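Following: one structure in structure tokens, then a few remarks.
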There are 2 protein chains.
Amino acid sequence: MSAQSKASKSNDPAGATTGRMARKRAITRASLLAAAFEVMADCGVDGAKIKDITDRADVGFGTFYNYFESKDDLASAVLDCMIDDLGRRNAVATKELREESPAFVFAVSTRLVIREAAKEPIWQWWAMRPDLLVDRLRDGFGPFAKRDIRDGINSGIFHIDAGDIDQAWALACWVMVGGIHDIVVGARTANDDGFVAQATAALLGLDFASAQRVSTYPLPDYPPASIDWHFSRAEVD
Amino acid sequence: MSAQSKASKSNDPAGATTGRMARKRAITRASLLAAAFEVMADCGVDGAKIKDITDRADVGFGTFYNYFESKDDLASAVLDCMIDDLGRRNAVATKELREESPAFVFAVSTRLVIREAAKEPIWQWWAMRPDLLVDRLRDGFGPFAKRDIRDGINSGIFHIDAGDIDQAWALACWVMVGGIHDIVVGARTANDDGFVAQATAALLGLDFASAQRVSTYPLPDYPPASIDWHFSRAEVD
């Protein structure tokens, strides 16, 4: 059960209208997210006006605050949906590599995310808030990434201790976000994604020659974006 | 010649008063920095009032803006002095380790900086501005760190390419700042400095067993702080 429907239920003990109301709320929320993504892609997050977003979503201005506390809150929710989409595209793009080694999955996913972030305007805003971006990436990709790290430890290719998985993943996110930030501000080019992937693989304890090899592997095709605006972090807890 | 004395000279072609005026300016600037450090240590950067800083430095309120554009500008200059101090203390603390290997110098310096940052209140403010902190660390420690990385490559222990030194150092700074940030927000303890040092060593291409070894080496004594408030980044260009 989603956190949202739980919350609705508490105000509606009989549960008579829960299903319909919750569905309606979910649709309005998704419309606001999709509209925000479009407006923010055009004007940037700072330049996006709430009025333009509610107009595009075809809801009243005041309705906005029934769903989001602030524009930053909305931008976070948009980012969560984008990260969810990237996670699912990574899973498709690296499906065959999974049989090879989790190190390939990790390095290729890292590079694909960096390349996507470097070209998508909305990421430029997030790149300037690296601590927040680390938080969202760490949580959003965490379950998949930590599974890959654990697989790599179990198969003997990642040499960190199993007790250090959370720490290693947190630092890998800092490296990834640092890489994105430095590309966005022009201190590094998008083609340096391989070096960033190499650094994350090395800090997981992959031997360095292998870290170089997996991070220079030809990138597979990346499925096109298909963002599910109904995704929300609370619903998958 | 310092950038500051160059600037004064252009307004004083004869150069008659340059020396005395420049000395007086340098002393006032240093007083403001020392006062800011004390006030910020007590009240945090956000809580520090410019009036309290000018009072403690015994200069008029308006004088402040002859030296700094804003409180953030002043906080940056304070940080630069602190980083300069850390650099010199690192050099003393790791002097004997230098004969052993640049990897020891790098790992021990990283750990000492993280421990210092975790206990000094003013760093908590910087930890929440990770992109700015990366910038200052990267520039402030850069000359020493890049020399150590180059030494490590030349002696065959760091396996990154010589052409990647700038990139590697930039990402090492992100790891260090990420480590400091996560300690400050309570997501990691100050005792995890070893794991952060291990990650930075690994991303430089040190083999992983050695990265573990150098990052668990007993820490040498750290000389007490002795911050030179006359230090300014412009003067060492």
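In what follows, every chain begins at residue 1, and chains take the letters A, B, ... in the order their sequences are listed. The model shown is predicted, which means the values in this text are computed figures rather than measured ones.
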Contacting moiety of Ala201(B), where chain A heavy atoms sit under 4.5 Å: neither
Portion of Val185(B) that has a non-hydrogen atom of chain A nearer than 4.5 angstrom: neither
Toward chain B, the part of Val134(A) with a non-hydrogen atom under 4.5 Å: neither
Top contributor to chain B interface from Ala172(A), Gly178(A), Ala202(A) [non-hydrogen pairs under 4.5 Å]: Gly178(A)
Using atom types as modelled and no hydrogens or angles, find all donor-acceptor pairs between chain B and chain A shorter than 3.5 Å.
unit_1	atom_1	unit_2	atom_2	d
Gln167(B)	OE1	Arg188(A)	NH1	2.7
Trp174(B)	NE1	Asp182(A)	OD1	3.4
Trp174(B)	NE1	Asp182(A)	OD2	3.2
Asp182(B)	OD1	Trp174(A)	NE1	3.4
Asp182(B)	OD2	Trp174(A)	NE1	3.2
Arg188(B)	NH1	Gln167(A)	OE1	2.7

Atom group of Ile160(B) that falls short of 4.5 Å from chain A, counting heavy atoms: both
Listed partners of Phe195(A) passing ring pair (Phe, Tyr, Trp, His ring centres under 6.0 Å), at least two apart: none
Heavy-atom pair of closest approach, residues Leu171(A) and Val175(B): CD2-O, 3.9 Å
Part of Ala168(A) within contact of chain B (heavy atom distance under 4.5 Å): both
